[in-house]
Amino acid sequence: MTELLSDTGRETMLAPLFEAGWKMVEGRDAITKTYEFANFVEAFGFMTRAALWAEKWDHHPEWFNVYKTVEVTLSTHDVGGLSSLDAKLARKMDQLAG
Ligand SMILES: C[C@H](O)[C@H](O)[C@H]1CNC2=NC(N)=NC(=O)C2=N1
């Protein structure tokens, strides 16, 4: 059963993500990062690869794509905030973005 990240869970799991450019969303228990790619095809290719992992893990991003940028927000709707799945998907997205 997915649950909200504990305080210690936040320290250990979110700190590396903040180092990698993720930020907390103002007024929401969610994290966000904006990726900039070389062009639209690279941006959409990233979204395609990330979508396959999101589907595999049944954990989906909130994202907005304009041309070569992809703005990603992660939170776990079922628990109303951040869970370990958000950290896992964030790490995967950073890997996929290269
Ligand atoms: C029924 C399905 O398993 C759930 O709705 C999944 C789908 N993807 C999800 N994605 C996210 N970000 N949070 C969820 O709580 C969630 N729940």
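Remember, it's 1-based here, ligands and their atoms both numbered in the order they're listed. When a residue number appears, it is its place in the shown sequence, counting from 1. In what follows, every heavy atom counts, from backbone to side chain, and hydrogens, waters and symmetry copies are set aside.
Residue pairs that meet the salt bridge (Lys or Arg N to Asp or Glu O under 4.0 Å) test with at least one member in residues 24-49, sequence neighbours left out, are R10-D29, R28-E62, K33-D94.
Here the CE atom belonging to M24 is positioned 5.5 Å from the CZ atom belonging to F18, to the nearest 0.5 angstrom. For the atom pair N65 CG and T34 OG1, the distance stands at 11.5 Å (nearest 0.5 Å).
Under the side chain to side chain contact (heavy atoms under 4.5 Å, CB included) criterion, E3 pairs with no residue at all, not counting sequence neighbours. The side chain to side chain contact (heavy atoms under 4.5 Å, CB included) search around Q95 returns K92, not counting sequence neighbours.
Enumerated by chain and number, the residues approaching ligand 1 to less than 4.0 Å through a heavy atom are D58, H59, H60, S75, T76, H77, D78.
Residues W53 and M93 are not in side-chain contact: their nearest non-hydrogen atoms beyond the backbone lie 4.5 Å or more apart.
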